[in-house]
Amino acid sequence: MNIHEYQSKAILKQYGVAVPEGYPAFSAREAVAAAERLGSDVTVVKAQIHAGGRGKAGGVKIAHNLTEVESYAQELLGKTLVTKQTGPEGKEVHRLLIEAGAQIKHEYYLSFVLDRQSGRVVMMGSEEGGMDIETVAATTPEKILKEVIDPAVGLQPFQCSRMAYGLHLPQAAIRKAERFMLGLYACFTDKDCSLAETNPFVVTADDEVLALDAKLNFDDSALFRHPDIEMLRDANEENAKEREAAQAGLNYVDLGGDVACMVNGAGLAMATVDIIKYFGGDPANFLDVGGDSTPEKIAKAFRIMLAGNQAKGIFVNIFGGINRCDLVAEGIVEAAKMVSADGHSLPVPVVVRLEGTNVERGREILEHADVENVIMAPTMEGGAEAIVRMVKEAQVAA
């Protein structure tokens with residue numbers, strides 16, 4: 001789960017991480033009122049969307065008076081920002097952060113992330129703050145410093161000191177930076193974050209250390225422990241299909257293509273996406289229906305995949321262990337009733353490969369069901385190849 005920058009900064013303040021004074025605004029009038037409250041010579045007007053690269057996309061404005069604050073707020077609210085992280089469709093701006101400007105001496109990068117290889121939290125820092133950290137890693141990897149944290153003892157002060165000196169921070173800012181790092185780490189662990197990032201964190205002209213930008217991502221599986229974080233969710237920033245799927249207990253990720261797939265098990269789902277790509281298709285989604293599928297749950301999955309006319313074909317790839325193939329088949333029949341006017345046809349071709357528990361019964365249900373556009377496939381490879389071919393043929397015919 002992601003939250004907005006101003007929400008991240010409010011949480012970081014609770015852990016002693018210094019951030020510029022600022023207030024959220026949902027209208028130009030609120031933006032001006034916030035700027036008046038700040039009373040700073042320079043005011044920053046920042047678009048709030050769940051994506052990086054806002055500055056390059058024109059989503060961060062520097063205002064020197066209230067007239068400029070109002071003008072920039074009117075310009076940004078309702079504007080669609082397109083960044084590397086939003087994709088070409090962009091994201092519409094619904095809220096702003098109005099923040100006091102700072103006299104910046106130097107910009108740095110600092111984050112805490114999970115390292116899957118070591119199975120530990122890693123503190124990462126760089127003198128190349130304000131830039132895409134991916135670009136720094138690709139072009140000058142030696143400029144990225146890392147401290148691997150032992151989970152038994154947590155982040156140690158000597159590691160903070162080593163990072164601060166490694167970043168060549170001014171001597172007057174070293175101890176402040178160490179407290180900054182310890183606070184950011186405490187937030188990361190206490191709130192079950194998957195990412196805690198400040199890019200940039202800056203040293204100001206008077207050697208103060210501030211998180212000029214902040215990003216917190218949270219482990220969805222741990223949100224039950226943090227109802228205060230769950231309340232910060234912004235539905236406008238989330239994919240509607242992914243949100244609906246989560247509410248139905250489905251693991252769904254929109255991939256933007258036109259060949260939808262419904263699978264049980266995350267590993268098989270990833271393999272299914274891969275094999276669709278192998279045969280030249282463009283996967284529409286990752287969808288793991290889990291091991292407790294009911295006909296109603298399968299039908300719900302179909303409705304989500306077919307929403308918005310994104311999917312031009314569906315590949316159902318089930319290896320039934322805990323899942324029963326007969327219940328999956330019943331769900332496909334139920335889906336036809338839900339999504340079609342006549343109750344026995346699906347709007348796109350559906351290729352079904354079933355193996356495992358009650359597979360013969362599942363195949364029998366589909367073979368005798370009065371449902372059009374459903375084709376049985378004996379193998380995973382054959383099913384993937386068939387659905388990709390059908391989708392491409394339909395595109396040519398159109």
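No experiment lies behind these values; they were computed from the predicted model shown.
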Restricting to non-hydrogen atoms, name the atom on [X] and the atom on [Y] that form the minimum distance, rounded to 0.1 Å.
{"X": "Pro349", "Y": "Met390", "result": "CB-SD, 3.8 Å"}
{"X": "Ala301", "Y": "Leu287", "result": "CB-CD2, 3.8 Å"}
{"X": "Met305", "Y": "Ala311", "result": "O-CB, 3.5 Å"}
{"X": "Ala31", "Y": "Val69", "result": "O-CG1, 3.7 Å"}
{"X": "Val351", "Y": "Ala377", "result": "CG1-CB, 3.7 Å"}
{"X": "Ile276", "Y": "Cys261", "result": "CD1-CB, 4.0 Å"}

For [X], look at atom [atom1] and say whether over 12 heavy atoms of other residues, nucleotides or ligands are found less than 6.0 Å away.
{"X": "Asp41", "atom1": "CG", "answer": "no"}
{"X": "Asn309", "atom1": "CG", "answer": "no"}
{"X": "Lys13", "atom1": "NZ", "answer": "no"}
{"X": "Gln103", "atom1": "CD", "answer": "no"}

Looking at [Y] and [X], is there a salt bridge between them, counting it only when a charged N and a carboxylate O are closer than 4.0 Å?
{"X": "Asp213", "Y": "Arg54", "value": "yes"}
{"X": "Lys176", "Y": "Glu208", "value": "yes"}
{"X": "Lys241", "Y": "Glu244", "value": "no"}
{"X": "Arg162", "Y": "Glu178", "value": "no"}
{"X": "Glu5", "Y": "Lys9", "value": "yes"}

Point to revise | Worked check of side-chain contact (heavy atoms from CB on, under 4.5 Å) between Lys105 and Asp207 | key: CA-CA 8 Å; Lys105 181 185 292 186; Asp207 290 321; 2.7 Å; yes
Review point. Do Leu216 and Leu182 share a hydrophobic cluster, counting only Ile, Leu, Val, Met, Phe, Trp and Tyr and linking them when any side-chain heavy atoms are less than 4.5 Å apart?
Key: yes
Practice item. Flag yes if Leu97 and Val60 sit in one hydrophobic cluster, no otherwise; membership is Ile, Leu, Val, Met, Phe, Trp, Tyr, and two members link when side-chain heavy atoms are under 4.5 Å apart. Key: no
Would you say [X] and [Y] make side-chain contact, with heavy atoms under 4.5 Å?
{"X": "Leu110", "Y": "Phe180", "value": "yes"}
{"X": "Lys191", "Y": "Tyr15", "value": "yes"}
{"X": "Arg361", "Y": "Cys325", "value": "no"}
{"X": "Tyr109", "Y": "Glu197", "value": "yes"}
{"X": "Val121", "Y": "Leu114", "value": "yes"}
{"X": "Ile298", "Y": "Leu327", "value": "no"}
{"X": "Leu167", "Y": "Phe201", "value": "yes"}
{"X": "Val263", "Y": "Val273", "value": "no"}

Rounded to the nearest 0.5 Å, how far does [atom2] of [Y] lie from [atom1] of [X]?
{"X": "Leu145", "Y": "Tyr165", "atom1": "CG", "atom2": "OH", "answer": "15.0 Å"}
{"X": "Asp219", "Y": "Arg225", "atom1": "CG", "atom2": "CZ", "answer": "8.0 Å"}
{"X": "His64", "Y": "Thr43", "atom1": "NE2", "atom2": "OG1", "answer": "9.0 Å"}
{"X": "Tyr278", "Y": "Glu381", "atom1": "OH", "atom2": "CD", "answer": "9.5 Å"}
{"X": "Ile304", "Y": "Gln247", "atom1": "CD1", "atom2": "CD", "answer": "9.0 Å"}
{"X": "Asp274", "Y": "Leu268", "atom1": "CG", "atom2": "CG", "answer": "11.0 Å"}

Practice item. Look at the aromatic rings of Phe26 and Tyr6 and report parallel, tilted or perpendicular, splitting at 30° and 60°. Key: perpendicular
Practice item. Show the numbers, then the answer: is there a side chain to side chain donor-acceptor pair (under 3.5 Å) between Asn285 and Gln310? Key: CA-CA 10 Å; Asn285 63 272; Gln310 177 185 350; over 6 Å; no
May I ask you to decide if [Y]'s main-chain N or O and [X]'s side chain share a donor-acceptor pair within less than 3.5 Å?
{"X": "Thr140", "Y": "Glu142", "value": "no"}
{"X": "Ser161", "Y": "Pro157", "value": "no"}
{"X": "Lys146", "Y": "Val122", "value": "no"}
{"X": "Glu147", "Y": "Cys160", "value": "no"}
{"X": "Glu107", "Y": "Ile104", "value": "no"}
{"X": "Asn373", "Y": "Leu346", "value": "yes"}
{"X": "Arg233", "Y": "Met1", "value": "no"}
{"X": "His106", "Y": "Pro170", "value": "no"}

Looking at residues at least two apart in the chain, or sitting in another chain, which of them share a side chain to side chain donor-acceptor pair (under 3.5 Å) with [X]?
{"X": "Arg389", "answer": "none"}
{"X": "Glu385", "answer": "none"}
{"X": "His94", "answer": "none"}

Exercise for review: Walk me through it: do Ile365 and Glu330 pass the test side-chain contact (heavy atoms from CB on, under 4.5 Å)?
Suggested key: CA-CA 7 Å; Ile365 289 171; Glu330 289 175 7; 3.9 Å; yes
Exercise for review: Would you sort out whether Asp234 and His50 count as a side chain to side chain donor-acceptor pair (under 3.5 Å), showing the intermediate values?
Suggested key: CA-CA 9 Å; Asp234 183 359; His50 289 176; 5.2 Å; no
Practice item. List the steps and the verdict of salt bridge (Lys or Arg N to Asp or Glu O under 4.0 Å) for Glu355 and Arg363. Key: CA-CA 9 Å; Glu355 287 292 348; Arg363 291 172 180 170; 3.1 Å; yes
Review point. Only one of Arg243, Lys91, Arg95 forms a salt bridge (charged side-chain N to carboxylate O under 4.0 Å, His left out) with Glu237, so which one is it?
Key: Lys91
Practice item. Go through the steps to decide whether Glu230 and Phe218 satisfy the test side-chain contact (heavy atoms from CB on, under 4.5 Å), and finish with yes or no. Key: CA-CA 10 Å; Glu230 179 71 36; Phe218 303 92; over 6 Å; no
Exercise for review: Test side chain to side chain donor-acceptor pair (under 3.5 Å) on Tyr23 and Glu21 and set out the steps.
Suggested key: CA-CA 7 Å; Tyr23 307 98; Glu21 185 179 4; 2.5 Å; yes
Exercise for review: Evaluate side-chain contact (heavy atoms from CB on, under 4.5 Å) for Val209 paired with Tyr108, printing each intermediate quantity in order.
Suggested key: CA-CA 10 Å; Val209 178; Tyr108 304 86; over 6 Å; no
